Structures are given as C-alpha cells and as structure tokens.
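Source: prediction; values computed, not measured. Letters A, B, ... are given to chains in the order of the sequence lines, protein chains preceding strands, and every chain is numbered from 1.
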Amino acid sequence: MRLTRSLVPTIKEIPSEAQIASHRLMLRAGLVRQTSAGIYAWLPAGYRVLQNIARIVREEQDASGAQEVLMPTLQSADLWRQSGRYDGYGAEMLRVKDRHERDLLYGPTNEEMITDLLRQSIKSYRELPQNLYHIQWKFRDEVRPRFGVMRGREFLMKDAYSFDLDQAGAVIAYRKMMLAYMRTFRRLGVQAIPMAADTGPIGGELSHEFIILAPTGESQVYYDAAFETIDTSPAAFSFDSESDLERFATLMTTPYAATDEKHDEAAWAKVANKREGRGIEVGHIFYFGTRYSDPMGLRVAGPDGSQVIPHMGSYGIGVSRLVGALIEASHDDAGIIWNDAVAPWKAAILNLKMGDGTCNAICEDIYAKLAGNALYDDRDDRAGVKFNDADLMGHPWQIIVGPRGAAKGMVELKRRATGERVELSVEDALAKISG
RNA sequence: CGGAGCGUAGCGCAGCCUGGUAGCGCAUCAGUCUGGGGGACUGAGGGUCGUGGGUUCGAAUCCCGCCGCUCCGACCA
C-alpha cells in the first residue's frame, strides 16, 4: 500500500486513555480505534495483523485434523437453558430480545451450539471423532474492560470443540490440540507455556492455559526453562501417532509450570533452571467429558448398539488478544517490533526524497517487486518523520532510499529488531528480505 | 459491583475556584525556505465547551439529572 492512499493514522502523543504499552502502541501505530468501552474497530494495518494471526491459527488447526466451520454470533437462549448455563452465566452474557420478545444472546462461547449441531447430525460411533473450530467474534460484557484489545468486550476467538466416543479418545484430541497450540505460538514468535488451570464456568476435569511472558502480564508465572528447548515440530511428533502424542503430553506436563494461584514453593525450589515473570493467557484448553453432551441429549450408537454419550473438549485461542499480547512481548521505546510472520507488511519503503527522479524510480521498482508485502512511505515528509513512523509501526524491514545511495544504485536495509543497517543493491536487499 | 476522576478544535491540555467576546501546543490547509531521526517562517480553517434542565441581565464556569469514557479494587479469555 502507498501510505498517502492509506488510512494509517499514526499519532505522536501518548493517548491518555491507554495505560499499557500494547494499547498505546496500537493506537499510536494506527492499528485500532476504540468505538465504545472495550470495543474496537480494526484499521487496515491492524486488520492485516489480525488476519495474519488468524491464518497461522487456521493452518495449524487444519494440520491437526480440525475442520473449520462458522457459527452465528447470535444464539437462542433455549440452547443455553438446556445446558443449564442460561441462568448460571451471569451478567457477562449480553442478552437481547428480538421483535417477538424471544430471548437471544450474543455468544460468549459455543459449546451449546456445537453440541446441538452434532446431535442433529451424527448418530453412530463411526462418525467420531470430530473436531470442529471457527474463528469468530465473541462478546463478554466485562465489568471493567481495559488494556485495549487484551480485555475487550468484543473479541475474536478461535474456538474448537472435540467429540469422541470415550475419555481415552477425548484425551487424544486434547493432546492433539496441545501440540497444535505449541506449534501455533511458536510460529507467532512467542514462547507459550501450558499451565494446569482451573476449569471455571466451562466445567470439566482437565484444563491447561497457555501463557506467554510479558512484563505487563496479568499474573505472576513460574516455569522450568526445559520448556524452551522442547522441539514441537512435525519431525518430533506426529498427530497420527498415539505414542508420539503421549510422549509429547508427558514432556508438556512434567516440568514445573504454575501461575501464582497454583504456585508451590516446595516444588519450585527443586527446579534447576527457573523462569519467572508476568504472564498473559493467550489460549485455554478443556476436557469436560459429558458436561454438555449429556444434558443436551447428544447420543450415538456404540459398537454394541447401546447409546453412548460422547466426550467433549473445547479449545480457545484469543486471536484479537494475541495482537496486544504479541506487542507486549515485543516492543521498545520507539514502537512495535513485529515478528515477520504477523507483521502487517514485511517491509516499509522509505523514500527520503519524494520527487527526486532516481529515488522515486528505485522506490517504485521495489514496491512493484514486493507485490503487496510492502508499505510505501510516499509522503512528502522529512526523513525523521518517516524513520519514526516506521519504527513505531514495527515493520520487520525498512528499505531506506535516499539521494546519497540512490545515485550509486544503493539502498539501506534496516532490521527493526536489531537496528542493524546495511547498504545494499536493490537486488541484494530484496533477496535478503525474501530470504 | 464498590470507590475515585474526567468530558472544552483531530490529539494532548489550560480556562472553571472568584460568571462578563473560546485559548495554548501539536496536527490540518495554503505559500516560501528546507531536506538522512517528528525542521523554520508567514498566513488560514476548524468549537452548538458531552447532554437536558435550573439559577442569573449574562453560564465552559454555579446547582440538579442523564449519557459517555478512564483509573483503583473485586471479577475475568
């Protein structure tokens, strides 16, 4: 995109309503604007990041064998009455009435709806297992929204739901998701640690939250550095091998890892390589057996003809929350430092002298060759403005085109994460960016 | 849900206490100079002072209601 033709409203001042780094930077870099408390509009740059994260999440869900669907945001209250959660959920659930005075709700999660879909559709154990997910907007009417998109009321979430014939099958599904999650977070450029968690209002028996470290995290976390060296690649573990999954689950649940509520000083004292800091929850997985399938009447015929109640799990990743969390985990005084995989654009082209024939020609050439992966700063502004905005927006690469180098056919390539700058030919710079 | 604040130009704020012509910085627009880390000068545009009512000759300013937003706590993906 050309910056002069784009809605990327960067701001110099620190917005007064934002307290934490990610929120300030998301506003300053023109990623989002708040439309009401805890509700945000995603501007072009922010939406590209959101889509990049969603794409990676989707690819890893698909690789694990989960199937993508899309369920509605509005749900009938009747479904929630069947599971018993309509009255239990509390004021966090946004309840609405339609013109016929029927009770609806804006979904905070989809266990009821997916269970309803499955009970309509499957009749036999032969149709299990199933794992379905969607990436969709949720609404939770938080008492006190804050921290920008990290605790918004409307948020984008990937939620998956597994259905298995029995607990043993459900545990395999759970382990597959745990593996998919580790790969997802690795690709997003962050170290996530699975920590045993309480199951909360979803109910159930087995649950882990995935926490990434960031100085402004909501809770104190403790874990064994052993997590950092576990190879989760397809070469190490296959989704198709139960023994691989078991070995993986053991590796993920054996080293010490705990949030402050579950912290055990005695066990912690025995850990050789300690890691400690503030953590942000970016994912949560649950196994809850027949908590929904039973009351909602999901039954399949088992191998012996008897009626079997499938075992379920649900698995969430906070996609919009991750945008803030990734920034919390990766920024400096100048601005955001995007990981290559999620950056809105791979590179920014900084034309330091708009109107100069040589500079313009080089920039246009690079812009065409980067085909949509670059933001071209074609504003008639001074160099300092462009440097500062590029640092603020956090593009992994900056291609700096100024009259000095341009005369020799050279450009400067700056790596945002390290600050390293090298003078290269256009060809070499492009090769380095794509390589 | 308890407690505390704040709503004045796109953003950040002053003015309010002590009522009397709506201000500052940045941003925006025009022009000139400038040109490698948020440049300078000249000029210009932009406001029903959140909203409704009350007091008053007169309200951004005082009083009451409402709405919105933020912070602390409890809660929470």
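- Whole-Å rounding puts the A/Leu25 CG to B/rC11 C1' distance at 16 Å.
- When each of A/Glu281 and A/Arg144 is assigned the nucleotide of RNA chain B bearing its nearest heavy atom, the one mapping closer to the 5' terminus is A/Arg144.
- Comparing the same atom, C1', in B/rU21 and in B/rU28 gives a spacing of 26 Å after rounding to whole Å.
- The gap from the C1' atom of B/rU70 to that of B/rA30 amounts to 38 Å, rounded to the nearest Å.
- Comparing B/rA74 with B/rU61, their P atoms are spaced 37 Å from each other, to the whole Å.
- A donor-acceptor contact closer than 3.5 angstrom is absent between the side chains of A/Tyr40 and A/Thr35.
- Straight-line distance from the CZ atom of A/Arg146 to the P atom of B/rC75: 11 Å, rounded to whole Å.
- In this structure, A/Arg81 satisfies the cation-pi test against A/Tyr86, with its NZ or CZ atom closer than 6.0 Å to the six-membered ring centre and inside 45 degrees of the ring normal.
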Under-3.5 Å N/O pairs linking protein and nucleotides 12-15 of chain B:
unit_1, atom_1, unit_2, atom_2, d
B/rG12, OP1, A/Ser16, OG, 3.2
B/rC13, OP2, A/Ser16, OG, 3.4

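- Between A/Glu218 and A/Arg321, at least one side-chain nitrogen of the basic residue sits less than 4.0 Å from a carboxylate oxygen of the acidic one, meeting the salt-bridge criterion.
- Rounding to whole angstrom units, CZ of residue A/Phe147 and C1' of B/rG73 are separated by 12 Å.
- Listed pair A/Gln34 / B/rU70 meets the phosphate criterion, a side-chain N or O lying under 4.0 Å from OP1 or OP2.
- For A/Glu246, the CD atom is loosely surrounded, since the number of other residues' heavy atoms within 6.0 Å does not exceed 12.
- Taking atom P on both nucleotides, B/rC64 is separated from B/rC6 by 14 Å, rounded to a whole Å.
- Nucleotides B/rC72 and B/rG38, compared at atom P, are 34 Å apart to the nearest Å.
- Pair assignment for B/rC26: B/rG10, on the basis of Watson-Crick or G-U wobble contacts that are both within less than 3.5 Å.
- Of the charged side-chain nitrogens involved, at least one lies within less than 4.0 Å of a carboxylate oxygen, so that A/Arg2 and A/Glu364 count as a salt-bridged pair.
- Within the shown strands, nothing qualifies as a pairing partner of B/rG47 under the Watson-Crick or G-U definition with both distances less than 3.5 Å.
- Going from the P atom of B/rG65 to that of B/rA4 covers 15 Å, rounded to whole Å.
- Pair check for B/rA74 finds none; no Watson-Crick or G-U wobble contact set falls under 3.5 Å.
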Pair A/His284-A/Tyr181, side chain to side chain donor-acceptor pair (under 3.5 Å): steps then yes or no:
CA-CA 9 Å; A/His284 206 152; A/Tyr181 275 33; over 6 Å; no
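- Across all strands shown, A/Gln19 has heavy atoms under 4.0 Å from sugar-phosphate atoms exclusively, and none from any base.
- Going from the C1' atom of B/rU51 to that of B/rC69 covers 14 Å, rounded to whole Å.
- Separating the CG atom of A/Leu27 from the P atom of B/rC69 is a distance of 15 Å, rounded to the nearest angstrom.
- A donor atom on one side chain and an acceptor atom on the other are not found under 3.5 Å apart for A/Glu261 and A/His263.
- Residues satisfying the side chain to side chain contact (heavy atoms under 4.5 Å, CB included) test with A/Ala361, not counting sequence neighbours, are none.
- Taking the six-membered ring for Trp, A/Tyr89 and A/Trp80 have ring centres closer than 6.0 Å.
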Its contact letters, B for base, S for sugar-phosphate only and - for none at protein heavy atoms under 4.0 Å, make nucleotides 34-41 of chain B read BBBBBB--
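- Applying the Watson-Crick and G-U wobble criteria (two distances, each under 3.5 Å), B/rC16 pairs with nothing in any strand.
- Each of A/His23 and A/Arg151 was assigned the nucleotide of RNA chain B with the nearest heavy atom; the assignment lying further toward the 5' end belongs to A/His23.
- The side-chain tip of A/Arg291 does not point at the ring of A/Tyr161 from less than 6.0 angstrom away and within 45° of straight on.
- One atom, CD1 of A/Ile280, and another, C1' of B/rC76, lie 15 Å apart when rounded to the nearest Å.
- Pair check for B/rG52 finds B/rC64; Watson-Crick or G-U wobble, both atom distances under 3.5 Å.
- Nucleic acid contact class of A/Gly152 (heavy atoms, under 4.0 Å, all strands): base.
- Searching all strands for a Watson-Crick or G-U wobble partner of B/rG58 with both distances below 3.5 Å returns nothing.
- Residue A/Leu94 contributes atom CG, which lies 17 Å from atom C1' of B/rA77 at whole-angstrom precision.
- A cation-pi arrangement is absent between A/Arg183 and A/Phe248, since the terminal nitrogen or guanidinium carbon is not both under 6.0 Å from the aromatic centre and inside a 45° cone about the axis.
- With C1' as the reference atom, B/rG47 and B/rG10 are 12 Å apart, rounded to whole Å.
- Here B/rA77 presents its P atom at 16 Å from NE2 of A/His208, a figure rounded to the nearest Å.
- Under the Watson-Crick or G-U wobble criterion, with both distances below 3.5 Å, B/rG31 is paired with B/rC41.
- With rounding to whole Å, A/Arg24 atom CZ is found 17 Å from B/rC11 atom P.
- Between A/Asp391 and the options A/Lys386, A/Lys414, A/Arg415, a salt bridge (Lys or Arg N to Asp or Glu O under 4.0 Å) holds for only A/Lys414.
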